2 protein chains.
Amino acid sequence: MLPNPDEKLDPRIKRTRGLILRSFEDLLAEKNFETISVQDVTDKAQINRATFYAHFQDKYALLDYSISQMFMQEIEKRTLNVCHYSSDNLRNLILAVCEFLSRMHTDCAQPHQQFEALIEAQIKQQIFGLLSHWLEQSKSKVPAEIPATVATWAIYGLASHYSHTKKRPALEKFVDEALPLVAVNLEQFA
Amino acid sequence: MLPNPDEKLDPRIKRTRGLILRSFEDLLAEKNFETISVQDVTDKAQINRATFYAHFQDKYALLDYSISQMFMQEIEKRTLNVCHYSSDNLRNLILAVCEFLSRMHTDCAQPHQQFEALIEAQIKQQIFGLLSHWLEQSKSKVPAEIPATVATWAIYGLASHYSHTKKRPALEKFVDEALPLVAVNLEQFA
DNA sequence: TCTCCTCTGTTGCTTAGTCAACAGTATCAG
DNA sequence: CTGATACTGTTGACTAAGCAACAGAGGAGA
């Protein structure tokens with residue numbers, strides 16, 4: 001199930017996954033995640049329901065995959081996936097998470113309890129992976145687990161807070177204010 | 001090859017044809033028809049080149065199909081396919097052909113000699129079929145071939161002329177002026 | 001309670017799509 | 001002229017997607 005992310009693989013598979021993803025993201029803009037059935041997704045994607053199950057275990061797996069793909073794109077756009085720790089990169093990462101969650105809230109119909117929890121788990125996993133990658137590239141051989149965990153939660157918390165505020169002004173200012181608090185946990189290990 | 005237009009048929013077939021069509025129409029907006037290769041189409045459509053040949057004999061067959069589909073849509077939009085002869089319907093038909101050709105000229109990159117000839121053949125075939133259908137529904141048992149032919153060429157000629165004029169103003173006025181000249185050939189048989 | 005209905009996962013067989021390889025044609029440059 | 005390159009159209013063996021049918025899990029309502 002989804003073994004190779006973007007290696008050479010059968011074009012039919014790439015195409016089918018693309019159709020499922022697009023269909024799902026369109027549906028998320030219309031309806032609540034809880035009310036979206038696998039049937040809905042496959043109907044809109046013009047594929048058979050059985051085919052869906054050849055690619056994803058269930059709609060929760062699809063959500064995970066979808067979120068991680070979208071977030072990964074956000075990260076790759078800013079080339080944060082191929083770099084090391086720096087104050088500037090950290091700043092960009094926080095910006096990315098804030099913007100991603102904000103977009104999520106404006107694009108998706110009624111964010112629901114369970115839905116948000118699933119997103120949170122997935123995004124934190126991504127952030128943690130990225131930070132670990134950054135820290136492990138440094139000369140310091142200290143294990144990165146603790147500082148990466150702290151920073152991950154801090155960053156997600158900031159972004160969640162930001163994206164939930166009614167009128168979101170001045171993202172730049174918000175991030176600049178928060179940045180040093182997160183940076184202090186990381187720079188000693190980088 | 002393309003046996004059933006929109007009967008129940010394998011969703012893979014519908015989907016694949018749709019992908020080929022969209023890809024082709026996008027390409028037409030970018031490049032000259034002559035310079036579009038089957039490879040180009042299949043690359044953009046994300047399908048295998050061999051699959052293309054399972055659906056269309058060559059790119060000329062694709063052009064025919066594409067044109068006829070687009071034109072048919074234009075016709076169905078105005079519900080001209082399910083009606084009989086009347087001055088008003090004829091007027092709408094002329095309008096449809098004019099608008100279709102005009103759109104063709106604005107949407108497609110450099111209309112070329114051969115390209116225009118292929119379109120002309122296809123569209124005239126459609127118009128002829130439609131007019132024959134109208135005339136054969138009338139009580140007059142006279143064969144419709146001759147008047148339908150005359151009107152077909154007249155209508156296409158008008159539309160071609162209109163769509164080639166540099167600044168196209170007042171389509172309505174243009175059609176109202178031309179309408180009686182075409183109508184006189186048809187109404188005696190309807 | 002029972003039935004009706006909708007959605008979920010799963011299965012074995014069928015069919016469309018993919019692949020790689022082939023021969024044939026055309027164009028272009030050295 | 002010759003080799004390189006690019007596109008066409010076709011083939012047979014392989015693989016993903018479609019289908020229809022199934023059992024099962026709720027949920028709504030009489």
Side-chain angles (χ1 to χ4, degrees), chain A residues 1-24 26-28 30-66 109 112-115 118, chain B residues 1-24 26-28 30-66 109 112-115 118:
Chain A
M1 205 86 70
L2 305 178
N4 12 19
D6 40 70
E7 280 175 56
K8 277 178 211 162
L9 86 173
D10 196 308
R12 285 171 289 184
I13 297 182
K14 258 192 246 175
R15 193 206 305 139
T16 299
R17 268 182 215 167
L19 290 170
I20 292 177
L21 274 192
R22 229 195 319 288
S23 151
F24 179 62
D26 287 353
L27 282 170
L28 270 185
E30 298 167 18
K31 335 171 45 174
N32 209 306
F33 172 69
E34 280 74 18
T35 70
I36 297 175
S37 72
V38 172
Q39 191 87 254
D40 293 335
V41 176
T42 57
D43 282 353
K44 182 163 255 190
Q46 299 197 74
I47 61 156
N48 193 278
R49 198 165 54 85
T51 305
F52 176 91
Y53 290 104
H55 291 266
F56 299 97
Q57 186 149 14
D58 50 33
K59 71 175 187 173
Y60 299 95
L62 171 58
L63 177 62
D64 275 1
Y65 184 68
S66 168
H112 196 284
Q113 177 58 38
Q114 186 190 14
F115 180 62
L118 293 167
Chain B
M1 204 88 68
L2 306 178
N4 12 16
D6 39 68
E7 279 175 57
K8 278 177 212 165
L9 86 174
D10 196 307
R12 284 171 290 185
I13 298 181
K14 259 193 245 175
R15 192 207 307 140
T16 300
R17 268 183 214 167
L19 289 170
I20 292 177
L21 274 193
R22 227 193 323 285
S23 151
F24 179 62
D26 286 353
L27 282 170
L28 271 184
E30 298 168 17
K31 332 171 47 174
N32 210 305
F33 172 70
E34 280 75 17
T35 70
I36 297 175
S37 71
V38 172
Q39 191 88 253
D40 292 335
V41 176
T42 57
D43 283 354
K44 182 163 257 191
Q46 299 197 72
I47 60 155
N48 193 279
R49 198 164 55 84
T51 304
F52 176 91
Y53 290 105
H55 291 266
F56 299 97
Q57 186 148 15
D58 50 34
K59 70 175 186 173
Y60 299 95
L62 171 57
L63 178 62
D64 275 1
Y65 184 67
S66 168
H112 196 285
Q113 177 58 39
Q114 187 191 13
F115 180 63
L118 293 166

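Quick note on labels: first sequence line is chain A, next is B, and so on, each numbered from 1. All figures in this text were calculated on a predicted structure; none of them were measured in a lab.
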key: Protein proximity profile, nucleotides 15-21 of chain C - base contact B, sugar-phosphate-only contact S, no contact -, cut-off 4.0 Å on heavy atoms   = BBBBB-B
Value in whole Å for how far the [atom2] atom of [N] lies from [atom1] of [X]:
X	N	atom1	atom2	answer
B:Gln39	D:dG9	CD	P	12 Å
A:Asp40	C:dC7	CG	C1'	10 Å
A:Lys14	D:dT15	NZ	C1'	16 Å
A:Asp43	C:dC7	CG	C1'	12 Å
B:Phe56	D:dT10	CZ	P	15 Å
B:Lys59	D:dA6	NZ	P	17 Å
A:Phe52	C:dG9	CZ	P	8 Å

query = What do the steps show when you test B:Tyr65 against B:Leu21 for side chain to side chain contact (heavy atoms under 4.5 Å, CB included), and what is the final call?
reply = CA-CA 9 Å; B:Tyr65 184 67; B:Leu21 274 193; 4.0 Å; yes
ask   = Could you go step by step and tell me if A:His55 and A:Thr16 meet the side chain to side chain contact (heavy atoms under 4.5 Å, CB included) rule?
value = CA-CA 9 Å; A:His55 291 266; A:Thr16 299; 3.7 Å; yes
request  = Determine whether the aromatic ring centres of A:Phe56 and A:Phe24 lie less than 6.0 Å apart.
outcome  = no
ask   = Should B:Tyr53 be listed as having a side-chain N or O under 4.0 Å from OP1 or OP2 of D:dT10?
value =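 B:Tyr53 to D:dT10 OP1/OP2: no side-chain N or O under 4.0 Å.
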task = Nearest 0.5 Å please: distance from the CD1 atom of A:Ile20 over to the NZ atom of A:Lys59.
result =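 So the CD1 of A:Ile20 and the NZ of A:Lys59 are separated by 15.0 Å.
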Distance-only donor-acceptor pairs under 3.5 Å for side chains of residues 38-45 of chain B, two or more places apart:
from	atom 1	to	atom 2	distance (Å)
B:Asp40	OD1	B:Ser37	OG	3.4
B:Asp40	OD2	B:Lys31	NZ	3.2
B:Asp40	OD2	B:Ser37	N	3.0
B:Asp40	OD2	B:Ser37	OG	3.2
B:Thr42	OG1	B:Val38	O	3.3
B:Thr42	OG1	B:Gln39	O	3.0
B:Lys44	NZ	B:Glu30	OE2	2.9

inquiry  = Between B:Ile47 and A:Arg15, is there a side-chain heavy-atom distance shorter than 4.5 Å?
reply    = yes
